[in-house]
Amino acid sequence: MVAREAKVPEWVILWGMPDKVLGNIGEQVEYFQNATDELRVQVRDISQETIDLLLSSPHPDDIHEQKRDIVQRYSNILLQFAASTHDPDSTLNQMWTELEQSVSFYLLDAGHNDNADPTEIRDMVDELTRLRDRIPGLVAQISNLAAAIKGSASALPGLDVATTNSSDVLKRTEGELNMGAAIMTRLVGMAEHQHNLLMAE
């Protein structure tokens with residue numbers, strides 16, 4: 001007699017297993033963290049270069065040419081950052097929706113499954129908590145970076161478009177990260193409740 005393969009639940013096909021969705025989100029957060037770290041260093045360096053030029057005494061004869069060069073390089077840095085981190089088809093908000101649905105259905109199944117493993121749920125809680133706890137530091141870094149860009153760009157004309165584009169990406173991502181932290185806090189509470197119910201059986 002041929003053993004019948006276990007049917008994959010519809011929610012897994014639609015949303016994926018929690019560990020896979022969490023892995024995808026973790027990669028996205030890591031990518032943005034690295035991009036933000038790199039931008040922070042570049043903004044710091046070019047801001048210092050701007051200050052050195054503006055404070056140079058006596059001003060070099062080619063100060064206007066040097067300022068144009070800095071503006072061009074700064075613009076390229078900001079536009080490249082905006083382009084590399086903006087994907088309208090793959091936002092964190094979309095991933096949070098996938099995570100919320102995946103974890104919710106996973107916990108629902110666990111509540112109706114006599115063989116549900118509390119250890120798996122505890123591991124998921126730990127992963128959710130680790131990712132959530134990374135977010136406040138990244139949000140603070142984004143906020144500080146946005147302020148640094150605004151301050152340094154104000155001394156250089158012609159950066160309006162680049163500054164707006166990069167600021168839009170930073171603001172959008174800050175909002176998405178805060179939303180994700182709230183969603184993960186709710187999911188942690190749900191998972192811990194389900195874990196406790198299984199342990200009490």
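As a basis for the values below, the full set of heavy atoms in this structure was taken, side chains included, without hydrogen atoms, waters or symmetry mates. Remember, predicted model here, so these are calculated numbers, not experimental data. Nothing fancy with the numbering, it's 1 onward along the sequence.
Partners of N24 under the side chain to side chain donor-acceptor pair (under 3.5 Å) rule, at least two apart in sequence or in another chain, do not exist in this structure. Under the side chain to side chain contact (heavy atoms under 4.5 Å, CB included) criterion, S104 pairs with E100, L187, M190, sequence neighbours left out. Residues meeting the side chain to side chain contact (heavy atoms under 4.5 Å, CB included) test with D109, sequence neighbours left out: P9, W11. Applying the salt bridge (charged side-chain N to carboxylate O under 4.0 Å, His left out) test to D19 and every residue at least two apart in sequence or in another chain returns nothing. Every residue was checked against the side chain to side chain donor-acceptor pair (under 3.5 Å) condition with E192, not counting sequence neighbours, and none meets it. Legend: residues meeting side chain to side chain contact (heavy atoms under 4.5 Å, CB included) with T119, ordered by chain and number and at least two apart, are D117, D123. Residues passing the side chain to side chain contact (heavy atoms under 4.5 Å, CB included) test with D62 are P60, E65, Q66, sequence neighbours excluded. The salt bridge (charged side-chain N to carboxylate O under 4.0 Å, His left out) check on E127 picks up R130, with sequence neighbours excluded. Partners of E174 by salt bridge (charged side-chain N to carboxylate O under 4.0 Å, His left out), not counting sequence neighbours: none found. Not a single salt bridge (charged side-chain N to carboxylate O under 4.0 Å, His left out) links E27 to another residue, sequence neighbours left out.
Under a hydrophobic-cluster definition in which Ile, Leu, Val, Met, Phe, Trp and Tyr are linked whenever side-chain heavy atoms come within less than 4.5 Å, directly or via other members, L78 and V161 are assigned to different clusters.
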Show the atom names and distances, to 0.1 Å, of all donor-acceptor pairs under 3.5 Å that link a side chain in residues 29-36 to residues at least two apart or in another chain.
residue: E30; atom: OE1; partner: R134; partner atom: NH1; Å: 3.3
residue: E30; atom: OE1; partner: R134; partner atom: NH2; Å: 3.0
residue: Y31; atom: OH; partner: S84; partner atom: O; Å: 3.0
residue: Q33; atom: NE2; partner: D37; partner atom: OD1; Å: 3.3
residue: Q33; atom: NE2; partner: Q141; partner atom: OE1; Å: 3.4
residue: N34; atom: ND2; partner: E30; partner atom: O; Å: 3.3
residue: T36; atom: OG1; partner: F32; partner atom: O; Å: 2.7

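Side-chain N/O atoms of Y106 and E120 include a donor and acceptor closer than 3.5 Å.
Listed by first and then second residue, the salt bridge (Lys or Arg N to Asp or Glu O under 4.0 Å) pairs involving residues 45-61 are E49-R73 (not counting sequence neighbours).
A pairwise comparison of heavy atoms in M199 and P118 identifies SD-CB, 3.6 Å as the closest pair.
In the displayed structure, Q80 atom CD is contacted under 6.0 Å by at most 12 heavy atoms of other residues, nucleotides or ligands.
Interatomic distance, I51 CD1 to S152 OG, rounded to the nearest 0.5 Å: 8.5 Å.
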